There are 2 protein chains.
Amino acid sequence: MAVTIRDVARASGVHVSTVSRSFSAPHLVNPETRTRVLAVAEDLGYRPNRAARALTTGRTHNLGLIVADIANPFFPPLIKAAQAQARLRDYHVFVADTDEDPKAEEDLIQTLTKQVDGVLLCSPRLTNRTIERLREEIPFVLVNRRVKGMPTVLMDVGRGARLAVEHLTELGHRRLAVVTGPSGSWTSKEMQEAAAAMNEVDVVFLGPNPPTVAGGLAAAADVVASGATGVLAYNDLVAIGLIEGLAERGVEVPRDVSVIGVDDIVAGRLSRPKLTTIAMPTAAAGRIAVDMLLQSVDAEAATGVTMLETTLIVRESTGEART
Amino acid sequence: MAVTIRDVARASGVHVSTVSRSFSAPHLVNPETRTRVLAVAEDLGYRPNRAARALTTGRTHNLGLIVADIANPFFPPLIKAAQAQARLRDYHVFVADTDEDPKAEEDLIQTLTKQVDGVLLCSPRLTNRTIERLREEIPFVLVNRRVKGMPTVLMDVGRGARLAVEHLTELGHRRLAVVTGPSGSWTSKEMQEAAAAMNEVDVVFLGPNPPTVAGGLAAAADVVASGATGVLAYNDLVAIGLIEGLAERGVEVPRDVSVIGVDDIVAGRLSRPKLTTIAMPTAAAGRIAVDMLLQSVDAEAATGVTMLETTLIVRESTGEART
DNA sequence: TATGGTTCGGCAACCGGTTGCAAAAAGTAT
DNA sequence: ATACTTTTTGCAACCGGTTGCCGAACCATA
């Protein structure tokens, strides 16, 4: 039913190998022959069968992209950018969702392994050991997670956190809280370390918490109890939940407490008050990660760490400390 | 390097065909032999190569899922449900994003066609002609789009719109506006038709608009000009943008104008005022669509229309008309 | 014209499974 | 014991490309 390479060969009077080479090794075939073959192929509507190609070359021309939760608005821009970049390179991207479950994540990787040439692991919750073991199985690139020796794309949350803390101290806040994320999150650890290293402020850490609105809501009680007047939340969803939870307890943002999120998701621009946040260059991260991954697919062993800048965006959820 | 069927055959002293059948046609092989083969396979860590299987069977065991915009929070729950359901059936799902561009959508379908067994088209903006032509190429299921004779999963926005209009009239609103979505959107057309069919109210239609917050913001001026006091927006994003735009013009929701959205996205529960909205059973739609698709992949020609219920969720963005 | 070097294209094996066909083995009826 | 089924297994072709190898054709140089 479908047009195969043999149909094209027959119709253009050459051997199948010539047709094959016309596509995948143009320099090995006479330009005239090649144009004729391509014309016939075009005419017949020939499309190479990727499964067949995969069988001999061992390249599926597919990539896997594993995220903790597609519904988390942090990921879609990254996914879109990765897909667009992959398409540019004639690759496709499988997106899979682990529901924040490390077990599911591992299974998913196993299943995917045979069908893709490489995997992008975004904010993985796996242990370092597991990640190191994985290296034998398939090329991958980590996003937002640091494991020594592995190709990685990071966004500089550490710096973001320092900017956030500085912003809060400039506003006069002296007692801060960091509402941390899931255990296993590199981002969360980075934030903590950066905040802990700042002098002249008093910082408490509250967590771990699920990286969701519900997580933020639940953390409100702890924040109130902590007596902090400035809060750095694991991400914008948590920040939004937290603001809601504080409101329920009669604590108003930014009048009584200042809150800073991370990610700069759209919802943060829409919530009231508009969220002060650390913006992450997610689209750039997606593009770069794809290119790094393809490189290590081809080169067998590329390694490297790319660190992308983050920025503090001041909106309405932070304000001067009351004296 | 990887373990193949031949390795398993050698190690268990049977022919490759027996190994193959142990997996894909168990009833054709002696139970004892089979358990032995499976044990050896397990032992060696054998995993069937899907590309090879695809080559002979013509089944890739992959599905395509095409959405207008992953970043639109309406889609993720649908995607997650579809992926989970597909995994249950030993299928994988490719998600692709068209950026709301019908041209990109068509290209994407073409590229995907050779790599997947079927495609889920979610809220496609293609013309009916294109969709009908597509039928020759690959099995597909439409979600949120009605084309006669095509397998389809719909959510009953018509009924949702009637409930919304009734709700507004009960609150005393007599002049309503419908802020419509993109041209080509079935949902938008349904809403319009349902609203137009209601008696005893005065309805104006404002649109088309992009299905985004920006679209809603931009529509605010028209809404004010229309003199409507009750508004049904194409979706929650538009509704949120609209509320924002109205606020900029000094029009307060729900005091001056009542607004109802569609989709029940998470952000709607977080915005101020909390959004009254028509909830869509997206997860169910994803599951059912996958099953319908697999059915028509197997059966060659399954057709059918499934209509799912919607519900009106009253929150804070609607209130009594001022007299 | 003979020689050596390129370029081009055909041949055929191969990737890793699946499947129709037929032989072998086991079971049943006569 | 023989003939006939039914079950189980092996054989080999096939899916649709890719690629190493070799010979033919072509070109330039001596």
Side-chain angles (χ1 to χ4, degrees), chain A residues 1-42 44-62 90 111 113-117 297-298, chain B residues 1-38 40-42 44-62 90 92 111 113-117 297-298:
Chain A
M1 44 175 73
V3 184
T4 78
I5 206 173
R6 289 162 221 272
D7 299 325
V8 178
R10 202 171 311 124
S12 50
V14 298
H15 195 261
V16 293
S17 57
T18 305
V19 178
S20 171
R21 281 191 276 255
S22 297
F23 285 95
S24 42
H27 59 284
L28 287 181
V29 43
N30 187 316
E32 279 178 37
T33 322
R34 175 157 185 267
T35 35
R36 188 158 44 86
V37 169
L38 293 189
V40 173
E42 170 71 36
L44 267 49
Y46 167 73
R47 306 231 147 256
N49 178 325
R50 294 174 93 121
R53 180 177 294 179
L55 194 52
T56 45
T57 61
R59 288 282 139 78
T60 60
H61 267 240
N62 291 147
D90 194 27
T111 333
T113 293
K114 292 293 176 299
Q115 313 199 61
V116 300
D117 299 337
V297 166
D298 290 338
Chain B
M1 44 173 71
V3 183
T4 77
I5 205 173
R6 289 164 222 269
D7 299 324
V8 178
R10 201 169 315 122
S12 50
V14 298
H15 195 262
V16 293
S17 55
T18 305
V19 178
S20 171
R21 279 190 278 256
S22 296
F23 285 96
S24 43
H27 59 285
L28 287 181
V29 40
N30 186 316
E32 279 178 38
T33 321
R34 177 159 183 264
T35 34
R36 187 158 44 87
V37 169
L38 293 189
V40 173
E42 171 71 37
L44 267 51
Y46 166 74
R47 307 234 146 253
N49 178 325
R50 294 174 93 124
R53 181 178 293 177
L55 194 53
T56 44
T57 60
R59 288 282 142 77
T60 61
H61 268 240
N62 290 148
D90 195 26
H92 278 268
T111 332
T113 293
K114 291 295 175 298
Q115 312 199 61
V116 299
D117 298 338
V297 165
D298 290 337

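Residue numbers begin at 1 in each chain, while the letters A, B, ... track the order of the sequences. Only this structure's heavy atoms are used, side chains among them; waters, hydrogens and symmetry mates stay out. Everything numeric in this text was worked out from a predicted model, so none of it was measured.
A donor-acceptor pair is defined here as one N or O able to donate and one able to accept, closer than 3.5 Å; no such pair exists between the side chain of B:Ser20 and the backbone of B:Val16. At least one donor-acceptor pair under 3.5 Å links the side chain of B:Thr60 to the backbone N or O of B:Gln115.
Atom CZ of B:Arg21 is separated from atom OG1 of B:Thr33 by 11.5 Å, given to the nearest 0.5 angstrom. The CZ atom of B:Arg10 sits 12.0 Å away from the CD1 atom of B:Ile5 when rounded to the nearest 0.5 Å. Distance check, rounded to the nearest 0.5 Å: CG of B:Asp117 to OG1 of B:Thr57 gives 8.0 Å.
When heavy atoms are screened at a 4.0 angstrom cut-off, B:Arg50 is found touching no nucleic acid atom at all. Contacts of B:Ser17 with the nucleic acid, taken as non-hydrogen atoms under 4.0 Å apart, include base atoms.
For DNA chain C, the outermost nucleotides in 5' to 3' order that have an atom under 4.0 Å from a heavy atom of chain B are C:dG16 to C:dG20.
Mapping B:Gly13 and A:Thr57 onto DNA chain D via the closest heavy atom, the residue that lands nearer the 5' end is B:Gly13. Taking the nucleotide of DNA chain C with the nearest heavy atom to each of B:Thr18 and B:Ala51, the more 5' of the two is matched to B:Ala51.
The minimum heavy-atom distance between A:Asp7 and A:Thr4, with the atom names listed, is OD2-N, 2.9 Å.
Contacts between residues 19-37 of chain B and DNA chain C, counted as heavy-atom distances below 4.0 Å, involve B:Ser20, B:Arg21, B:Ser24.
The residue from A:Asn30, A:Val37, A:Leu38 that alone fulfils the side chain to side chain contact (heavy atoms under 4.5 Å, CB included) condition with A:Arg34 is A:Leu38. Checking each of A:Asn62, A:Val297, A:Thr111 against A:Val116 for a side chain to side chain contact (heavy atoms under 4.5 Å, CB included) leaves exactly one that passes, namely A:Asn62.
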